[in-house]
Participant: 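Just dropping this structure here.
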Amino acid sequence: AQTVTQSQPEMSVQEAETVTLSCTYDTSENNYYLFWYKQPPSRQMILVIRQEAYKQQNATENRFSVNFQKAAKSFSLKISDSQLGDTAMYFCAFMKHAGTYKYIFGTGTRLKVLA
Amino acid sequence: DAMVIQNPRYQVTQFGKPVTLSCSQTLNHNVMYWYQQKSSQAPKLLFHYYDKDFNNEADTPDNFQSRRPNTSFCFLDIRSPGLGDAAMYLCATTDRQETQYFGPGTRLLVL
């Protein structure tokens, strides 16, 4: 069975600084997807970034980038130039490439960006 | 444009009184999900549909039922809500690249 671990329940960062959220996972699958989702307080869960396991290149979306280490089963999220609007819960999620269509979520990291 | 719409956004019900939450999606995709999310926790999958095939999670209580009359709509029925069922209920669907898109959620309060 797959598991996803987010070892940092809470983090804070100063506005304009860089922060890295960690995520590790356990799977015997070779093909899979990894995701980071953001859920601001009392607001909708939205996709931040996704990574296909067969792609060696790390995904990037504007200020958000990942460090995907397949052998180490690590998938960290780096937020550059942090903004107040980045304050949110961040969930890491795993999905097998084929079959169940189900996500395995981590427990989340609450990020607070300080002015 | 909203891809996943949930109604109502807030629902208050009484202990034991059946309640139905609704979800619609405009992506016209064949997979839809219902999650329960309690404060500061990860969403917990209750069930999902692949087309009309219903897939129940093993630990989803019998109190929770679902209906999917067509591709666009999906309903969550809670037959006899208890205080422990107070939570945010999230509906989601996927695009062809397996990315899930979530609705804004329905916050259920049980009195």
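Since we're looking at a predicted model, the values are computed, not measured. Naming: A, B, ... by sequence-line order, numbering from 1 per chain.
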Participant: Looking at CZ of A:Phe91 and CD of B:Gln41, how far apart are the two atoms once the value is rounded to the nearest 0.5 Å?
Facilitator: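 That separation rounds to 9.0 Å.
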Participant: Measure the shortest side-chain to side-chain distance between A:Phe35 and B:Thr99 over non-hydrogen atoms and say whether it is less than 4.5 angstrom.
Facilitator: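 In contact.
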Participant: Looking at B:Glu98 and A:Arg50, is there a salt bridge between them, counting it only when a charged N and a carboxylate O are closer than 4.0 Å?
Facilitator: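 No.
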Participant: Rounded to the nearest 0.5 Å, what's the gap from CZ on B:Phe102 to CG on A:Leu47? Could you check?
Facilitator: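 Reported value, rounded in 0.5 Å steps: 9.5 Å.
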Participant: Under a single-linkage definition using a 4.5 Å side-chain heavy-atom cutoff for Ile, Leu, Val, Met, Phe, Trp and Tyr, are B:Leu46 and B:Leu21 assigned to the same hydrophobic cluster?
Facilitator: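 Result: yes, single cluster for both.
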Participant: Is there a continuous path of hydrophobic side-chain contacts, each under 4.5 Å between heavy atoms, that joins A:Met89 to A:Phe64?
Facilitator: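 No; tracing contacts between hydrophobic side chains, which count when under 4.5 Å, never links both residues.
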Participant: At what distance, to the nearest 0.5 angstrom, does NZ of A:Lys102 lie from CG of B:Asn55?
Facilitator: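 Going from the NZ atom of A:Lys102 to the CG atom of B:Asn55 covers 7.5 Å.
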Participant: Under 6.0 Å from the CG atom of B:Asp62, do we count more than 12 heavy atoms belonging to anything else shown?
Facilitator: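 Open: at most 12 neighbouring heavy atoms sit under 6.0 Å from CG of B:Asp62.
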Participant: Has A:Lys112 got more than 12 heavy atoms of other residues, nucleotides or ligands less than 6.0 Å from its NZ?
Facilitator: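 Counting other residues, nucleotides and ligands, NZ of A:Lys112 stays at 12 neighbours or fewer.
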Participant: Do the ring planes of A:Tyr101 and B:Tyr50 sit parallel (below 30°), tilted (30 to 60°) or perpendicular (above 60°)?
Facilitator: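 A:Tyr101 and B:Tyr50: tilted rings.
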Participant: Rounded to the nearest 0.5 Å, what separates atom CE in A:Met45 from atom OH in B:Tyr35?
Facilitator: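 A:Met45 atom CE to B:Tyr35 atom OH measures 7.5 Å (nearest 0.5 Å).
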Participant: Tell me, for A:Tyr103 versus chain B, whether the close heavy atoms (under 4.5 Å) come from the side chain, the backbone, both or neither.
Facilitator: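 Interface part for A:Tyr103: both.
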Participant: Look at B:Pro104, B:Ala92, B:Gly105 and state which one has the largest set of heavy-atom pairs under 4.5 Å with chain A.
Facilitator: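 Going by pairs under 4.5 Å, I would pick B:Pro104.
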Participant: Are A:Tyr37 and A:Ile79 connected in the hydrophobic side-chain network, where two residues link if heavy atoms are under 4.5 Å apart?
Facilitator: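 No; tracing contacts between hydrophobic side chains, which count when under 4.5 Å, never links both residues.
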Participant: Please find the pair of heavy atoms, one from A:Phe105 and one from B:Ala42, that lie closest to each other, and give the distance.
Facilitator: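 Result for this residue pair: CB-CB, 3.9 Å.
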Participant: Just how far is it from atom CZ of A:Arg110 to atom OG of B:Ser40, taken to the nearest 0.5 Å?
Facilitator: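 A:Arg110 atom CZ to B:Ser40 atom OG measures 3.5 Å (nearest 0.5 Å).
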Participant: Quick one: what part of B:Gln100 sits under 4.5 Å from any heavy atom of chain A, side chain, backbone, both or neither?
Facilitator: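 Both parts, backbone and side chain.
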Participant: State whether the number of non-hydrogen atoms from other residues, nucleotides or ligands found under 6.0 Å of A:Arg43 atom CZ is greater than 12.
Facilitator: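 At most 12 heavy atoms, drawn from other residues, nucleotides or ligands, come within 6.0 Å of this atom.
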Participant: Indicate, with yes or no, if A:Phe75 and A:Leu111 share a hydrophobic cluster defined by side-chain heavy-atom contacts under 4.5 Å among Ile, Leu, Val, Met, Phe, Trp and Tyr.
Facilitator: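 Both belong to a single hydrophobic cluster.
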Participant: Please state whether the side chain, the backbone, both or neither of A:Gln39 comes within less than 4.5 Å of a heavy atom of chain B.
Facilitator: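 The side chain, not the backbone.
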Participant: In terms of heavy-atom contacts, does NZ of A:Lys70 have more than 12 from other residues, nucleotides or ligands at under 6.0 Å?
Facilitator: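 Correct, the count exceeds 12.
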Participant: Do you reckon B:Leu27 sits in the same ILVMFWY cluster as B:Met32, going by side-chain contacts under 4.5 Å, direct or chained?
Facilitator: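 They do not share one cluster, since no chain of ILVMFWY contacts under 4.5 Å joins B:Leu27 to B:Met32.
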